[in-house]
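Read the structure below first, then the notes.
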Amino acid sequence: MDIAAERIERLQELARAAATEGNHDRARYYVRLARRVAERNRLTLPRKFRRFTCDRCDAYLRPGQNARVRLRDGHVVVTCDCGAHARYPYESNTA
């Protein structure tokens, strides 16, 4: 793992910790910084990081606190407090 990927991973941990403590501005700063590091080094952000950040306001999403998560037919809808929606597909294994 190169230095940029390690830094992105560390920034994700810091963003999660800041959001847990209620310091949302600090968490937003870490998310923006991680995205900038990824862009400059032509890396993709880890899936877990992409799913727990808002594309519009850069907030670190915590379901039940600043994000609403709903299951619809074949996809998960995550709604941020800013009003942005993100949809992710899933397969249900019902027989």
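Throughout, residue positions are numbered sequentially from 1 according to the sequence presented. Just so you know, these numbers use all the heavy atoms, side chains as well, and skip hydrogens, waters and symmetry mates.
For V76, the side-chain contact (heavy atoms from CB on, under 4.5 Å) test picks out V69, L71, V78, Y90, with sequence neighbours left out.
Between the R32 side chain and the D58 main chain, no donor and acceptor come within less than 3.5 Å of each other.
With respect to R35 and D55, a salt bridge is recorded, a charged nitrogen being found less than 4.0 Å from a carboxylate O.
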Result block: side-chain N/O donor-acceptor pairs under 3.5 angstrom for residues 12-25, not counting sequence neighbours:
unit_1 : atom_1 : unit_2 : atom_2 : d
E13    : OE1    : R10    : NH1    : 3.4
R16    : NE     : Y60    : OH     : 3.4
T20    : OG1    : R16    : O      : 2.8
N23    : OD1    : R26    : N      : 3.4

Name the atoms and distances for all side-chain donor-acceptor pairs under 3.5 Å in residues 37-51, with sequence neighbours left out.
unit_1 : atom_1 : unit_2 : atom_2 : d
N41    : ND2    : V37    : O      : 2.9
R50    : NE     : L45    : O      : 3.1

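Residues R62 and N66 share a closest heavy-atom pair of N-OD1, 2.7 Å.
Here the straight-line distance linking atom CZ of R56 with atom SG of C80 works out to 8.0 Å at 0.5 Å rounding.
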